[in-house]
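Fair warning: this is a prediction, and the values are worked out from it, not measured in the lab.
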Amino acid sequence: KKMLAFFTAAICCLGMLTACGNSESSNNSDSQASDKAATSSAASESEEPARENSGDEYTEVFRTFFIGKDPIQMLEVSLPDVVIESMEKIGAVESISEALATSAAQSMSTVPVMDAGMIEYVSERECTPEFRSRLENLYSAYYNIYRTMDESGISYEEYITGNLDENGMKLLSDVLDRYERVCAGEETEAEQLISFEDVRLVTFSMNGGQTEFLMYKVSGEGWKLDTIGLAVFEY
């Protein structure tokens with residue numbers, strides 16, 4: 001549970017540009033609660049056997065995120081390369097990395113220190129096509145925020161200081177709006193900017209217990225550890 005709390009805290013830093021949904025409505029909405037339950041079930045169902053392997057390709061990524069202690073590397077193993085490139089272009093990587101490091105330190109303060117030998121691969125299974133599609137839409141909408149800022153010449157500093165002209169405000173309002181709708185499941189046909197080559201639900205043994213996390217792979221990149229889907233869909 002503490003590990004999951006860290007994950008949620010970490011992605012809150014990664015998503016600092018986006019206030020996903022309305023906090024009051026998400027706390028009080030029975031329909032959203034039902035949707036989260038359905039999402040959790042959909043993510044966990046396996047439609048076909050997963051391939052057998054040693055799991056080293058996943059474990060290395062997982063260890064880098066949890067015990068690497070390098071905020072930049074944590075970004076690199078949890079977000080698609082194109083997202084990080086857009087973050088770099090608008091000057092956001094350093095600020096987000098610093099926030100991520102602070103969040104990690106605070107959230108992990110009561111968790112026993114782990115070494116590489118304490119994190120091991122256990123098993124893997126398929127993710128359902130439906131949940132995979134939802135994740136692709138979510139990552140596409142998330143990437144579109146940074147891509148729009150980059151293409152429109154909007155820097156991260158201009159955003160956080162509110163130093164935007166009317167056109168910039170309108171552009172950001174539109175993409176943030178779209179992201180919130182995707183988060184809430186209201187928009188299922190988001191522009192497909194991110195496509196996954198593969199998605200797996202991978203079980204790791206760590207700190208005396210077992211926990212399942214979602215790993216995804218974009219064509220031409222290595223395996224990544226999903227954080228955005230975990231924070232938004234709470235699967």
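- Distance check, rounded to the nearest 0.5 Å: OG of Ser195 to OH of Tyr139 gives 14.0 Å.
- A tilted orientation is assigned to the rings of Phe204 and Phe213, their planes being inclined by 30° to 60°.
- When all heavy atoms of Thr59 and Ile119 are compared, the closest pair comes out as CG2-O, 3.7 Å.
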Full working for side chain to side chain contact (heavy atoms under 4.5 Å, CB included) between Val182 and Tyr142: CA-CA 9 Å; Val182 171; Tyr142 184 76; over 6 Å; no
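- Taking CG from Leu138 and CZ from Phe233, the interatomic distance works out to 4.5 Å, rounded to the nearest 0.5 Å.
- Under a 4.0 Å N-O distance rule, the pair Lys224/Asp226 does not qualify as a salt bridge.
- Contacts classified as ring-ring contact (aromatic ring centres under 6.0 Å, His included) and involving residues 69-103 (residues at least two apart or in different chains) are not found.
- The nearest pair of heavy atoms linking Cys127 to Leu214 is SG-CD1, 4.1 Å.
- Not counting sequence neighbours, the partners of Ile154 by the side-chain contact (heavy atoms from CB on, under 4.5 Å) test are Met149, Ser152, Glu158, Leu164, Leu172.
- When all heavy atoms of Trp223 and Met215 are compared, the closest pair comes out as CZ3-O, 3.6 Å.
- Here OG of Ser95 is found 13.0 Å from OH of Tyr159. Values are rounded to the nearest 0.5 Å.
- One finds no salt bridge joining Asp174 and Arg178 here, because no Lys/Arg side-chain nitrogen approaches an Asp/Glu carboxylate oxygen to under 4.0 Å.
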Can Leu135 and Ile228 be said to form a side chain to side chain contact (heavy atoms under 4.5 Å, CB included), step by step? CA-CA 9 Å; Leu135 280 174; Ile228 298 179; over 6 Å; no
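- Following chains of ILVMFWY side-chain contacts shorter than 4.5 Å, one cannot reach Tyr143 starting from Leu171, and the two form parts of different hydrophobic clusters.
- A donor-acceptor pair is defined here as one N or O able to donate and one able to accept, closer than 3.5 Å; no such pair exists between the side chain of Ser173 and the backbone of Met169.
- With sequence neighbours left out, Thr203 forms a side-chain contact (heavy atoms from CB on, under 4.5 Å) with Val122, Ser123, Gln210, Glu212.
- With hydrophobic clusters built from ILVMFWY side chains whose heavy atoms lie under 4.5 angstrom apart, Leu193 shares a cluster with Tyr179.
- Remark: Arg181 CZ to Leu176 CG distance equals 11.0 Å, nearest 0.5 Å.
- Across Ile72 and Val93, no two heavy atoms sit closer than the pair CD1-CG1, 3.4 Å.
- In this structure, Glu88 CD and Leu75 CG are separated by 9.5 Å, a value rounded to the nearest 0.5 Å.
- Annotation: side chain of Glu136 is in contact with side chain of Arg132 (closest heavy-atom distance under 4.5 Å).
- Inspection of the Arg134 and Asn137 side chains reveals no N or O donor paired with an N or O acceptor under 3.5 Å.
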Can you check ring pair (Phe, Tyr, Trp, His ring centres under 6.0 Å) on Phe62 and Tyr121, steps first, answer last? CA-CA 9 Å; Phe62 199 79; Tyr121 165 87; over 10 Å; no
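- For the pair Asp198/Arg200, a side-chain contact is recorded, criterion being any heavy-atom separation below 4.5 Å from C-beta on.
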Checking Ile194 against Phe196 for the side chain to side chain contact (heavy atoms under 4.5 Å, CB included) test, could you report, in this order, the C-alpha distance in whole Å, the side-chain angles of both residues, the deciding distance, and whether it holds? CA-CA 7 Å; Ile194 301 288; Phe196 297 147; 3.7 Å; yes
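- Separation of atoms CG (Leu79) and OH (Tyr216) is listed at 5.5 Å; rounding is to 0.5 Å.
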Side chain to side chain contact (heavy atoms under 4.5 Å, CB included) between Glu197 and Val218, worked out: CA-CA 5 Å; Glu197 182 181 292; Val218 175; over 6 Å; no
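- Summarising the local packing, CD of Glu94 is surrounded by 12 or fewer heavy atoms from other residues, nucleotides or ligands at distances under 6.0 Å.
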